[in-house]
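Right, one structure below, let's go through it.
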Amino acid sequence: MKPARTRFAPSPTGHLHLGGARTALYAYLLAKQTGGQFLLRIEDTDVKRTIPGAEQEIIDGLHWLGLDYDEGPDIGGKFAPYRQTERREIYQRYAKILIDNDKAYPCFCTPDQLEKTRQEQLKRKENPRYAGTCRNIPPAEAAKRSADGEAHTVRFKMAQEGVTIAHDHLRGDIATDNKQLNDQVLIKSDGLPTYHLAAMVDDHEMQITHVIRGSEWLGSFPLHVNIVRAFGWEEPTWVHLSVFLKPSGKGKLSKRDSAEANKDGHSVFIKDMEDLGFTPEGVLNWAALMGWGVAEDDVLTLSQMIERFSIDSLTPSPAAVNFQKLDHFNATHIRRLTPEDLSARLKPYFTREGLKVNDDVLQKIIPLIRERLTTLDDCLAFGAFFFKEDVSPTPEDLIAKGLDAKQSAEVAKKCLEILSSLASIDHATAEPALRAYVEESGLTPNQVFGILRVATTGQKVSPPLFESMEIIGREKCLQRIQTALQLLEKI
RNA sequence: GCCCCCAUCGUCUAGUGGACUAGGACGCGGCCCUUUCAAGGCCACGACCGGGGUUCGAAUCCCCGUGGGGGCACCA
């Protein structure tokens, strides 16, 4: 396949979300696989809706995901600028070409007038569409009026007869009766282009070979191919991706669903993912597989995805998101990280809780906690006690199942004796000694080790006991058991 | 209202007319392992939306229903 040039072209009007991330991913994969370029273009022509900081969030999000672009607003490139508000003259120039070729015309209708006819059409149960008022103004007159400074837009002169055949790579030919099509606004009265013109012009100028975008564009797809054809340009390959549905499958996934997702530690916004303990690998793998059919072996790294990706195996049907699957992919990728990589990623989660991380200890606990982590921040639940001076178990937790407080205290006392008598509490030394005690006492391992676990780690669920005790160290362990013993004796 | 798109286990999907007793993954249930929790291993449950065609043969092609989704701005 020839090198593909693809682009991710979001508008800076909100947070970078899941759907955007997946669109960017597919565009990235295709470009990288074919040895082409992936670029970022900011579609900020709706000045009123532009949100300060949104562009930076998009950039940060792509960077976090590891979807590095070859050209973009912050790094420039051969076709700069990559921010549409900085390309105003370019669109003006192309709009004029269309007007000169009778493919577009200035429209002097005011928003009020348009809204009025719109309401009337609605009342008559008609399709709201442009009435064509300015379509037939003689070009000379129109040119004079706009030259005189009369406020106007520029509309596309859509063919009123015939059929438009648009070809989508996933769906084949889509035929639309031109009567259904409208004379859409290309240039707004503020002089800036609408998406329809801007995107087509830029994709052409920037030599985009594959337009990968959401299926919400399918409605204006016929318009877009008409614009491209009016210019006489070669069409890119059009790939309209399926939409993401709410977990229930009822309706499109929207920003509002994030509140619901947040309840169980998930989000639809990329900016939240890191805080929630997700890895870029997990998020990417998860997003990739909604809409891309991989037969088997679906745990994939980014480079494996680059190898295996194909726009031919994309699916056109909507996909309901499943956050449990995100958990699974995240956990799987965490386990595949090298110990060094994992400890580097874990450290911030400990420090953000105010814990002082000893790198030596961190290294040692990795093998103990790695297969227990679903999200990176789970390291707190399984490992925070390694970095604390003291633990504070609740007295009730210290009482083993089937025993009372007094009996549990006996056990703690005996364990303390045994461990005190040992020069080292390496797991290799401590475990046999304690197992021998379990044997002779007639208690279950669960009872004895349970008490020790709560005493030394402060919690009922922890990494393996003996390995943990070894890392905590002899002095601290003895001291913690002593404290636990006192707690039990007070009950 | 009009237009467009989609349709395989609960969910994501494989399947491109015979290799389908419909495969994989998540989840769910069970068992094994086991000091807790995980991880891992094994097993089970579980789907071709309905009706008509075409064909020797249809999950696969066509039509009609139904269901779901998207869109109908001087927003993207």
Side-chain angles (χ1 to χ4, degrees), chain A residues 9-14 43-46 48-49 107 109-111 114-115 118 122 124-130 151-155 168 170-171 174-177 179-182 184-190 192-196 198-199 213-222 240 242-243 245 247-252 286 289-299 313 315-329 331-332 335 369-374 378 381-382 431 434-435 438 444-450 452-454 457 459-466:
Chain A
S11 62
T13 52
E43 311 226 326
D44 56 350
T45 54
D46 188 344
K48 292 182 290 292
R49 288 208 312 154
C107 170
C109 297
T110 65
L114 294 170
E115 185 53 29
R118 199 183 121 83
L122 245 30
R124 276 179 270 138
K125 299 224 179 214
E126 280 172 26
N127 249 356
R129 62 201 314 278
Y130 180 59
H152 66 282
T153 62
V154 175
R155 284 182 184 272
D168 174 69
L170 305 183
R171 291 158 242 263
I174 296 169
T176 310
D177 210 322
K179 285 190 183 66
Q180 298 296 333
L181 272 18
N182 210 349
Q184 292 291 344
V185 170
L186 261 22
I187 300 275
K188 299 178 276 184
S189 54
D190 64 2
L192 280 166
T194 57
Y195 173 90
H196 310 304
R213 61 188 347 191
S215 68
E216 63 269 22
W217 293 112
L218 235 27
S220 45
F221 184 26
H240 292 91
S242 61
V243 285
L245 269 25
S248 64
K250 299 274 174 206
K252 185 166 117 168
W286 174 57
L289 262 25
M290 290 186 283
W292 173 20
V294 177
E296 276 169 46
D297 189 22
D298 43 6
V299 175
S313 48
T315 56
S317 46
V321 300
N322 179 349
F323 289 111
Q324 286 178 316
K325 207 155 182 169
L326 168 59
D327 290 342
H328 167 258
F329 280 120
T332 305
R335 274 179 251 125
I369 65 173
R370 67 184 306 159
E371 66 263 30
R372 277 163 251 267
L373 307 177
T374 295
D378 283 344
F382 285 105
E431 184 167 353
L434 288 164
R435 280 198 189 277
V438 170
T444 66
N446 211 334
Q447 291 171 315
V448 175
F449 301 155
L452 268 182
R453 179 188 316 283
V454 176
T457 70
Q459 49 200 57
K460 294 178 93 160
V461 173
S462 82
L465 178 61
F466 304 108

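Just so it is clear, the structure is predicted and the values come from calculations on it, not from any experiment. Throughout, protein chains are lettered first and strands after them, A, B, ... in sequence-line order, and every chain is numbered starting at 1.
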Checklist entry - Mind checking the P distance from B/C31 to B/A44? Whole angstroms is fine. => result 15 Å
Item to check | Residue-phosphate contact under 4.0 Å: A/T315 side-chain N/O, B/U13 OP1/OP2 | outcome: yes
Next on the checklist: Any side-chain to backbone donor/acceptor pair from A/T444 onto A/Q447? Under 3.5 Å, distance only.
Outcome noted: yes
Checklist entry - Counting just side-chain N and O atoms, does A/T45 come under 4.0 Å of either OP1 or OP2 of B/A76? => result yes
Item to check | Closest to side chain of A/N322, choosing from B/U11, B/G70, B/G24 | outcome: B/U11
Checklist outcome for this item: Answer for the Watson-Crick or wobble partner of B/G57, both distances under 3.5 Å, is none
Next on the checklist: Quick check on RNA chain B: between A/S462 and A/V294, whose nearest nucleotide comes earlier from the 5' end?
Outcome noted: A/V294
Item to check | Gap between atoms CD1 and C1', on A/I369 and B/A39 respectively (whole Å) | outcome: 13 Å
Checklist entry - Has A/R118 got a side-chain N or O lying under 4.0 Å from the OP1 or OP2 atom of B/A73? => result yes
Next on the checklist: If you only use heavy atoms from C-beta on, which nucleotide in B/G27, B/C4, B/A25 is closest to the side chain of A/I174?
Outcome noted: B/C4
Next on the checklist: Looking at B/U35, I'd like to know if its phosphate oxygens (OP1 or OP2) sit under 4.0 Å from a side-chain N or O belonging to A/R435.
Outcome noted: yes
Next on the checklist: If you only use heavy atoms from C-beta on, which nucleotide in B/U35, B/C12, B/C37 is closest to the side chain of A/F449?
Outcome noted: B/U35
Checklist entry - Going by modelled atom types, is there a donor-acceptor pair between the base of B/C74 and the side chain of A/S189 at under 3.5 Å? => result yes
Next on the checklist: So if I take every side-chain heavy atom of A/Q184 and compare against B/G70, B/A73, B/A76, which nucleotide ends up nearest?
Outcome noted: B/A73
Checklist entry - Nearest to the side chain of A/F382 - B/C74, B/C37, B/A76? => result B/C37
Item to check | B/A76 phosphate, OP1 or OP2, under 4.0 Å from A/K188 side-chain N/O | outcome: yes
Next on the checklist: Donor-acceptor pair, distance only, cut-off 3.5 Å: does the side chain of A/W286 make one with the backbone of A/D327?
Outcome noted: no
Next on the checklist: Would the distance check show the side chain of A/R129 and the main-chain N or O of A/L181 forming a donor-acceptor pair, the cut-off being under 3.5 Å?
Outcome noted: yes
Checklist entry - Whole-Å distance between B/U11 P and A/D327 CG? => result 19 Å
Checklist entry - Does any nucleotide pair with B/A7 by Watson-Crick or G-U wobble geometry, both distances under 3.5 Å, and what is it? => result B/U66
Checklist outcome for this item: Of the candidates B/G24, B/G1, B/A76, the side chain of A/P128 sits closest to B/G1
Item to check | Flag, side chain of A/E43 to backbone of A/A198, donor-acceptor distance under 3.5 Å | outcome: no
Item to check | Rounded distance in Å - CG (A/D46) to P (B/A76) | outcome: 5 Å
Next on the checklist: Please give me the minimum heavy-atom distance between A/H240 and A/R213, naming the atom from each residue.
Outcome noted: NE2-NH1, 2.8 Å
